Amino acid sequence: MKNKKIKGIESLKSRYGFLFTLPWLIGVAVFFILPIIQSAIYSFSSLSIEPGRVLVDWVGLKNYNFILNENPQYINNLGAGLKNIFIQVPFILILSLILGILLNNEFKGRMIYRSLYFLPVIIASGVVLNLFLEASQGDSTEIATSASVSFGMIDFSSVLEGLNLPSSILKYLTIALDNIFLLIWQSGIQIVLIIAGLQTIPDLLYEVAHVEGATKWEQFWFITLPMMIRTMLLVVIFTLVEVVTINTNPVMEQGYAYFGNIEYGVGSAVLWFYFVIVGLVIAAVMFIFSKFLKKWG
Amino acid sequence: MAEIKRKKMKVHSQAQVKRYTRSRFGNFFFFFCLFLFGAFSVIPLVYSIVTSFKPLDELLIFPPSLFIVKRPTLENYLILPSLIESLEVPFSIYAFNSLFVTTVGTVLHVLASASAAFVLSKSKIKYKNIIFMVVQLSLLFNAYTLMIPRYLIYSGMGIIDTLWAYILPAIPSSMGVFLMKQYMDGYVPDALIEAAKIDGAGWIRTFWTIIFPCVKPCLLTLTLFSFRDMWSLVPQGTIFSETLKTLPMVMSTVVSGGLARSGAAMANSVLMMIPPIIVYFISQGSLKESMSSAGIKG
């Protein structure tokens, strides 16, 4: 530092500001970047674990070749995983936007309602969510006959059975109900983020729009949505990550299964190939949003 | 004339009376929707509370009843102390570990995220876009995916089987920086920071007195998430000593025991939900204040 020519107080201060990121930056380097690079190397290797150390053998593209060419299940899982993204993300997005806007209205008991929607978020990582994930995961009839009968979604299938519907419709309804639960449970954080975003829009804009004779519908498209574009980007990325990395995602399950069998190389390849595709999706989303941000933000 | 008058009345009434929608049916539909979805999101909670009061024979009924307990009992809760008694280590040690790990981890995580996000969002340092890309990449990788390489790093640092194995990895979790940075980009005006600069405030002062009050809503949300995650954290193969285990690790083994213990398991999970819910209500209380006092609007 002493030898360098100090350009001015500004650059000195900006270097000082860099210190602010240090605790976090070191942590990220140690606990995220290094392990991520390691796991990328693992995906090109075959691992064997001995007491106290891990032996890494470079095998090139063998793992990728295995999952893509010799394991037909992977392509299926990948397809299903990506399909999940395109079904669930828009659904969660629209649902949480509608609920967020409704909850942003002023009415009696608003805090109670908000708490209702936020409760799943608070307890989501607890036992209850796992039970529900397990129950909504497989075939519902299988759960109904399985040993762990006292938990989960069976209540609804039994209610539905009482309606004497044809079995195909029944099955569809059960799956839909299961997923509605899951989707509402996954929308909690998004609703909170959207409410926070909505509250930053100045009332002034709505008043002007009202005076100018804009309908609520027009106000939504020309005020709410453009003002919310930043929040929506946040919510979209958040939802994407959530849907992509949830334990019940078929690709994640397959990867974890390989981990369970101590085939870390193949497991890492399974996850890495998937993450690269998801990364491209995220990049595309960011690109589309950056266009809107330039236009509106 | 009458029509104009009616229109005027309508405008007037809209200005005076808060209306949710334009019609009575709309109002009904509005509350109906809110209620329906709200019910969906609470049912699991209600179900687990109800189940925790069921006696053993009712637990075994198939199909299980969702809301009705014929003979509610506290049995499931009362059995917990005796189950805890059988532990080798006093219960208070587990409780202390849990509280310590959760509080320290949460505070450090929030502070580190907020300060990093402040610089990433508001300063002009080099490579900050690259750093932010890294943040987004690391969002995808969860603890389980990185289990093996992380284990090697932990053992290299010598933090395996210490309380640091809980706390240190939680501090740089990227979600916090991601949320904070986006929030600051959108809702902390640059003018505010420039004004502070002109008035002679340094980085620390700007951060502490200007940024912190502004991002309070985001800060509280982050605290809540972090608290929730730390509270229910079960580390993957990094803690072995009995005296270093936390409540979720111990309680899950205490109440494991098949169907016979499922009532106790539910009672346990209901009790474990209480601390995050308390934190939620505390944060909601101060959230209201901060929303009205901080200069967020506009």
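Keep in mind the model is a prediction, meaning the values are calculated, not measured.
Interface remark: B:F207 contributes side-chain atoms only to the contact with chain A (heavy atom separation under 4.5 Å). For B:V279, no part lies under 4.5 angstrom from a heavy atom of chain A. Contact of A:F275 with chain B is made through backbone and side chain together, with heavy-atom distances under 4.5 Å. With a threshold of 4.5 angstrom between heavy atoms, A:I33 approaches chain B through side-chain atoms but not through N, CA, C or O. Both the backbone and the side chain of A:I36 come within less than 4.5 Å of a heavy atom of chain B. Only the side chain of B:I153 has a heavy atom closer than 4.5 Å to any heavy atom of chain A. Interface remark: A:V244 contributes side-chain atoms only to the contact with chain B (heavy atom separation under 4.5 Å). Interface residue A:V30: backbone and side-chain heavy atoms are both found under 4.5 Å from chain B. The parts of A:Y256 that come within reach of chain B are both its backbone and its side chain, each placing non-hydrogen atoms under 4.5 angstrom from that chain. Both the backbone and the side chain of B:F178 have a heavy atom closer than 4.5 Å to some heavy atom of chain A. Contact annotation for A:I26: neither backbone nor side-chain heavy atoms come within less than 4.5 Å of a heavy atom of chain B. Within the 4.5 angstrom heavy-atom criterion, no atom of B:L111 approaches chain A.
Closest approach of B:P172 to A:F31, counting heavy atoms only: CG-CD1, 4.1 Å. What you find for A:Q190 and A:F238 is that their closest heavy atoms are NE2-CD2, 4.1 Å. The two atoms that bring A:W272 and A:S43 nearest to each other are CD1-CB, 4.2 Å, heavy atoms only. Summarising the geometry of A:S268 relative to A:F259, their closest heavy-atom pair is N-CE2, 3.7 Å, with the distance given to 0.1 Å. Of all heavy-atom pairs between B:K181 and B:S121, the closest is CG-CB, 4.0 Å. Looking at every heavy atom in both residues, A:L25 comes nearest to B:I131 through CD1-CG2, 4.1 Å.
Chain B forms more heavy-atom pairs under 4.5 Å with one residue of A:V241, A:L204, A:L102 than with any other, namely A:L102. Contact count versus chain A (heavy atoms, under 4.5 Å) is highest, among B:I171, B:V135, B:L168, for B:L168. Contact count versus chain A (heavy atoms, under 4.5 Å) is highest, among B:Y280, B:F225, B:F35, for B:Y280. Each of B:L108, B:L120, B:L179, B:V270 has some count of heavy-atom pairs under 4.5 Å with chain A, and the biggest count is that of B:L179.
B:P169 has its side chain within reach of B:Y154: a pair of non-hydrogen atoms, C-beta onward, lies under 4.5 Å apart. Using a 4.5 Å heavy-atom threshold, the side chains of B:H109 and B:S173 count as touching.
B:S138 and B:S174 form a side-chain donor-acceptor contact under 3.5 Å, judged by distance and modelled atom types alone.
Figure legend: B:R150 and A:F32 shown as a cation-pi pair, the cationic atom lying under 6.0 angstrom from the six-membered ring centre and within 45 degrees of its axis.
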